[in-house]
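Notes follow once the structure below has been shown.
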Amino acid sequence: NFGTVETIPEAFDREYLSPVQIGTPPQTVNLNFDTGSADLWVNTNETPENQQNGQVEYNPTLSSTAKKMEGATWDITYGDGSASSGIVYTDVVSIGGVTVQSQAVESAQQVSSSFQADAASSGLLGLAYGTINTVQPVQQKTFFENAMNDLASPLFTVNLMKQAAGSYDFGYINASEYTGEIQYTPVDNSRGFWGFNPSGFQVGNSSFNASSWYAIADTGTSLLLLPSGMVDIYWSAVSGAKFDALQGGYTFPCNTTLPSFTFGVEEYRGVIPGHFMNYAAITKTTCFGGIQSSDALGFSIFGDVALKAQFVVFDGGDNTLGWANK
Ligand SMILES: Cc1ccc(-c2noc([C@H]3C[C@@H](O)CN3)n2)cc1F
């Protein structure tokens, strides 16, 4: 079978939320689909009231198909230091008409401050490899891994948009969502991520700089995080841009016209329009850049700033990533 679900951007496209049905009768919660992690966790009746800000909850006691996974716990920390932890149920989970009968649903008994403040999001749905799922003592599979063998094709596609509704499609490739040909490239999943090797980059209409390095495709990260050498070259082309240690990255005058950023995947060239690199206004006149350094992380992240300019195929059958412009 196959299915499609809409994904809606929050402010600044900092995250994208999609409706997920859990339990019997179905309870709908909006979750942040994250190809950079592998836990499906949600605010529930067990999440302390003082750690919530109106989030919609999943209540397993109201689901006839919910089963507690005795002795199981989970505990996750994300790239920005946010964290959550708790216990585990299994229940029926459906996304866009694709149903998994027994999916590990992780109930949050503790969420850190930035999750507490994120009122629109009821939790995260991991779409990375299950090898980095945090449930103990028995590691659990992701929704996609559980659904994959029943899908028409063992893949999902990601079509994020700038400040508009996009979609996650499961089991099929919708040719109306992209232009040109899809460029497939092998995935390095040795760290549990959808890792790949970009082949270079280009700022605006200048020459292409061939270079091969490791990066991950991560829908849960807002920005495009690259080696500082590339980031410095990009911002050196923007008059008035500067590295502002107080803000923790490059800022630039909001009224500047920004050059596009093109990345290579083998012979393919993915183009990110210049205005996608304006992440958010800090003051009326100073804006924060969407391309920032990944040096502190140790690896590059193609987050939403890049992904919302692309149509991306996550193929779990042959472990490849497919890239196309749109
Ligand atoms: C408040 C909040 C904080 C972090 C994240 C978050 N989700 O995915 C990721 C990236 C980084 C890596 O950990 C896996 N993907 N970060 C989401 C939030 F709603």
Side-chain angles (χ1 to χ4, degrees), residues 7-20 29-44 47-48 51-58 74-86 106 108 110-135 140 142-145 156 158 160 166 168 187-196 214-226 248-249 279-280 290-308 312 314 321:
T7 192
I8 310 296
E10 292 296 291
F12 312 125
D13 297 341
R14 66 181 171 78
E15 68 180 19
Y16 291 75
L17 300 178
S18 301
V20 175
V29 287
N30 294 325
L31 301 181
N32 181 355
F33 287 15
D34 175 21
T35 59
S37 67
D39 283 55
L40 193 175
W41 70 263
V42 61
N43 279 274
T44 67
T47 312
Q51 293 188 20
Q52 296 195 59
N53 185 8
Q55 284 87 349
V56 174
E57 296 176 345
Y58 157 63
W74 61 282
D75 188 331
I76 194 165
T77 301
Y78 294 96
D80 69 345
S82 304
S84 49
S85 62
E106 302 170 29
Q110 186 279 330
V111 295
S112 64
S113 57
S114 47
F115 288 118
Q116 296 176 28
D118 195 350
S121 171
S122 294
L124 266 72
L125 187 135
L127 291 169
Y129 289 82
T131 50
I132 57 173
N133 172 267
T134 75
V135 174
Q140 299 299 308
T142 67
F143 171 84
F144 171 60
E145 287 169 332
F156 64 94
V158 178
L160 304 182
Y168 281 79
V187 162
D188 167 358
N189 60 13
S190 59
R191 298 155 109 180
F193 298 125
W194 293 89
F196 68 106
Y214 171 82
I216 70 169
D218 182 2
T219 56
T221 290
S222 308
L223 305 185
L224 171 54
L225 305 176
L226 298 172
Y279 178 64
I291 290 188
Q292 299 293 347
S293 170
S294 64
D295 289 2
L297 291 174
F299 58 93
S300 292
I301 300 184
F302 280 59
D304 300 335
V305 162
L307 299 177
K308 64 191 176 188
V312 190
F314 291 71
L321 275 174

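When a residue number appears, it is its place in the shown sequence, counting from 1. One-based numbering, in listed order, for ligands and for the atoms of each.
- Asp118 is linked by a salt bridge (charged side-chain N to carboxylate O under 4.0 Å, His left out) to Arg14, counting only residues two or more places apart in sequence or in another chain.
- In this structure Glu15 satisfies the side chain to side chain donor-acceptor pair (under 3.5 Å) test together with Asn32, sequence neighbours excluded.
- Using cut-offs of 30° and 60° on the angle between ring planes, the pair Phe156 and Trp194 is perpendicular.
- Looking only at side-chain heavy atoms (C-beta outward), Phe115 and Gln110 stay at 4.5 Å or farther from each other.
- In this structure, the side chains of Tyr168 and Leu127 come closer than 4.5 Å at one or more pairs of heavy atoms.
- A distance limit of 4.0 angstrom between heavy atoms and ligand 1 selects the residues Glu15, Asn32, Asp34, Gly36, Tyr78, Gly79, Asp80, Ser82, Ser114, Phe115, Asp118, Leu124, Asp218, Gly220, Thr221.
- In this structure, the side chain to side chain contact (heavy atoms under 4.5 Å, CB included) partners of Thr142, at least two apart in sequence or on a different chain, are Ala38, Phe144, Glu145.
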